[in-house]
Amino acid sequence: MEDSTDAPSSADSSGPNSSEMPATEAQAVEKAPAGELASASAGDQTGPAKTGGEQWGSRIGVILAVAGSAVGLGNFLRFPGQAASNGGGAFLLPYFISLLVLGIPLCWAEWTMGRFGGLKGFNSAPGIFSAVCRSLKARYLAVPALLIPLVIYMYYVVIEAWCLAYAFKYLTGDLMLGDNPDAYGKFFGDFVGSGEDGAILGGTSSLIVFVGITFVINFVLIYRGVSKGIETFCRIAIPMMVVCSLLVLARVLTLPAEKVSEGLGFMWNPDFSKLADAKTWLAASGQIFFSLSVGFGVIINYASYLKKKDDVVLSGLTACGMNEFFEVCLGGLITLPAAFIFLGAAAGDQGTFGLGFTALPNVFAQMPGGQFFGFLWFFMLFLAAITSSLSMLQPVIAFFEEGFGMARPASVSLLGIITLAGSMFVIWFSAGLKALDTMDFWVGTVLIFILAMVQSVIYGWIFGVKRGVEESSHGASFKIPMVVHYMLKFVVPLYLGVIFVLFLYQALPDPVDANGNPVLDDDGVPKLGYLSQIASDRVVQFSLLFIVGTIGFLTAMVHAAGLKWAEQGRLKDLD
């Protein structure tokens, strides 16, 4: 096989190659012994990548793990709110169009490129991008694929601890506070420290204890590795989530029939006039985008542990289908219908956190057997959250081990120190949850859009349709339709770009109503867009500095890892 520095790209997968490396990297590749990484036979290997020696134990294991990374709080809290406020049943039309046009194609692209990189000996996103693009320069494009799961974990684990704490407090009866909604709002505010910065560390809340417990659970599982840790836990957690959610659903649906009918009507009665509103289509696309975990840097890492004959097409479709079952069939039938039955139309005005941690506890307090079902609900949310948070840790651990030869204890310890520092940042700046909200917007929203666009361009224009067809077909029960490959090349990047521009247009300026008047919050104060928040709020500024500093750290690490790979000849013999 020819060295990739000389081999021409195919007509359909033209792109940068190793001749574009900086002099130091190119010289290192020339000096490195041939076959340091995957040699010509790498494309035929069926075992795990050489670097980590890990692989999934079974196909159902990887499907459950990927589904677990996608199924999270957004399925049960964000989706019902989005549907109810954007046309109810009519919302499903743009929702499923977005699933077919955006969600499933991007999932297939990530599964295909991830397995390709894994067979070439790479499990981390910087390595996979380098292998797919045949250039070490491409590793810098993967910095967001490390940053996104790393930073999201820092605040997501705190929310995860909320769920664990609420489940525990239902067991003890501490959350059975009667039918006064203000009591639940006060409980939540005191518990998360939303009143002032540093309130959690003042000893008035037990949240820090639950954060510690959640951290330990996550890192014990991630230390055990891909198969013994992530896969084993997901094989247990996903069925438990199904059982818990079905029990809660059964309780909701066996409430007085008239009330159930009204609740379901509030959630699902279609308002087709909303289809003429661009915001409805934007909301649907955004929900699909976030729901399937595309653009997180997770699926591409998980797929790298597959064998060549593992079916990425059917596996990807199955994982998407499981996510939709949890979101539409369970989340859409439980959360808002239950809240409406007891709280009326006011339930639809709650935000994600308000619905999950203020409205629903009020609902369970009024529901027969509510203490037990409240425990089941929040325990189920905790399981959903932890399957997602585990997926956020693995991509960075894979990079530490692959880029610097770290052993598992060292990589887990380093990641634990970094994420703990970030979580303490979020816990300290708890007033109004501003640090959490800022990280979620700039990393959990903006950068995810950017990474998804980068991946669709890499797949369509650098990896190429021809290679995509070939690689995705290995071991596949059926082939990805050709139209999907061309959608990934032309439609998906454009679609994502339009969504991204519209999203920023809505989120960055100060919000105004249809008459051009400022939108007011519950206290009658004009709401601020993110640009005004940056200019006026020191916590938002500190949060952005934290993100920028993390980007700088990861970029330096990616640069150093690339130099090491070049010295080792890690890109030789990649056709």
Side-chain angles (χ1 to χ4, degrees), residues 64-78 145-167 192 207-226 228-238 240-241 290-302 319 323 326 352-353 356-357 378-400 411-427 435-436 439-440 443-444 448 550:
L64 290 174
V66 174
S69 75
V71 176
L73 302 179
N75 297 75
F76 298 101
L77 301 181
R78 189 178 189 272
L146 300 177
L147 178 77
I148 291 168
L150 177 64
V151 173
I152 290 180
Y153 176 85
M154 293 174 181
Y155 64 82
Y156 197 85
V157 72
V158 177
I159 304 173
E160 192 175 308
W162 298 353
C163 298
L164 178 61
Y166 268 54
V192 305
L207 175 59
I208 197 71
V209 175
F210 287 98
V211 170
I213 294 171
T214 305
F215 244 95
V216 170
I217 294 173
N218 273 277
F219 277 89
V220 167
L221 291 171
I222 203 67
Y223 178 80
R224 292 175 57 82
V226 168
K228 294 181 179 179
I230 298 173
E231 179 179 349
T232 299
F233 179 76
C234 288
R235 290 172 72 99
I236 299 170
I238 297 295
M240 288 181 67
M241 288 164 55
F290 304 129
S291 177
L292 295 180
S293 286
V294 294
F296 274 68
V298 171
I299 295 176
I300 200 167
N301 166 254
Y302 274 15
N323 178 76
F326 277 99
T352 298
F353 292 154
F357 297 95
F378 283 102
F379 182 67
M380 183 271 296
L381 289 183
F382 172 70
L383 292 176
I386 202 169
T387 56
S388 296
S389 62
L390 281 175
S391 73
M392 299 169 197
L393 294 172
Q394 182 59 29
V396 185
I397 285 180
F399 172 67
F400 287 160
S411 63
V412 170
S413 298
L414 176 58
L415 184 61
I417 293 170
I418 294 171
T419 53
L420 182 59
S423 294
M424 293 306 296
F425 180 92
V426 173
I427 289 171
L436 188 156
M439 289 181 173
D440 185 57
V443 176
I448 289 177
T550 307

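- Atom CZ of residue Phe382 and atom CE of residue Met240 lie 10.5 Å apart, to the nearest 0.5 angstrom.
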- Task: Kindly indicate, with the supporting measurements, whether the criterion side-chain contact (heavy atoms from CB on, under 4.5 Å) is fulfilled by Leu150 and Met392.
- Result: CA-CA 6 Å; Leu150 177 64; Met392 299 169 197; over 6 Å; no
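- A heavy-atom distance below 4.5 Å is not found between the side chains of Phe233 and Arg224.
- Between the side chain of Ser293 and the backbone N or O of Ser69, at least one donor-acceptor pair lies under 3.5 Å.
- Tyr156 has its side chain out of reach of Val151: every pair of non-hydrogen atoms, C-beta onward, lies at least 4.5 Å apart.
- Of all the heavy atoms in Ser423 and Met154, the pair that sits closest is OG-O, 2.8 Å.
- Distance alone, capped at 3.5 Å, is enough to place a donor-acceptor pair between the Ser388 side chain and the Val71 backbone.
- In this structure, CG on Leu415 lies 10.5 Å from CG on Leu420, to the nearest 0.5 angstrom.
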Original post:
Hey, mind stepping through Ile427 and Val158 against side-chain contact (heavy atoms from CB on, under 4.5 Å) and telling me if it holds?
Top reply: CA-CA 8 Å; Ile427 289 171; Val158 177; 4.1 Å; yes
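- Judged purely by atom type and a 3.5 angstrom limit, Thr232 has no side-chain atom pairing as donor or acceptor with the backbone of Gly229.
- The CG atom of Leu381 sits 5.5 Å away from the CG atom of Leu77 when rounded to the nearest 0.5 Å.
- No side-chain heavy atom of Trp162 sits under 4.5 Å from any side-chain heavy atom of Phe378.
- A 4.5 Å side-chain heavy-atom check between Tyr155 and Ile152 finds at least one atom pair inside the cut-off.
- Of all heavy-atom pairs between Thr387 and Ala237, the closest is CG2-CB, 3.9 Å.
- With Asn218 contributing its side chain and Thr214 its backbone, the two residues share a donor-acceptor pair below 3.5 Å.
- Across all their heavy atoms, Leu147 and Val443 have their closest contact at O-CG1, 4.2 Å.
- Distance check, rounded to the nearest 0.5 Å: CG of Leu393 to CG of Leu221 gives 10.0 Å.
- Closest non-hydrogen pair, Met380 versus Met241, comes out as CG-O, 3.7 Å.
- The environment of OH in Tyr223 is sparse: at most 12 heavy-atom neighbours from other residues, nucleotides or ligands sit within 6.0 Å.
- The closest side-chain heavy-atom distance from Tyr302 to Gln394 is below 4.5 Å.
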Report the C-alpha distance between Met424 and Val211 in whole Å, list the side-chain angles of each, state the deciding distance to 0.1 Å, and finish with yes or no for side-chain contact (heavy atoms from CB on, under 4.5 Å). CA-CA 10 Å; Met424 293 306 296; Val211 170; over 6 Å; no
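- Annotation: side chain of Ser291 is in contact with side chain of Asn75 (closest heavy-atom distance under 4.5 Å).
- Between the side chains of Ser389 and Glu160, at least one donor-acceptor pair of N or O atoms lies under 3.5 Å.
- In this structure, the separation between CG on Leu146 and CG on Asn301 is 9.5 Å, given to the nearest 0.5 Å.
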Test side-chain contact (heavy atoms from CB on, under 4.5 Å) applied to Ile418 and Phe400, step by step | CA-CA 12 Å; Ile418 294 171; Phe400 287 160; 4.1 Å; yes
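- In this structure the side chain of Thr419 reaches within 4.5 angstrom of the side chain of Phe219, judged on heavy atoms.
- One finds the SG atom of Cys163 at 10.0 Å from the CG atom of Leu383 (value rounded to the nearest 0.5 Å).
- Of the possible donor and acceptor atoms, one in the side chain of Tyr166 sits under 3.5 Å from a partner among the backbone N and O of Phe357.
- Looking at heavy atoms from C-beta onward, Leu436 lies in side-chain contact with Ile159 at the 4.5 angstrom threshold.
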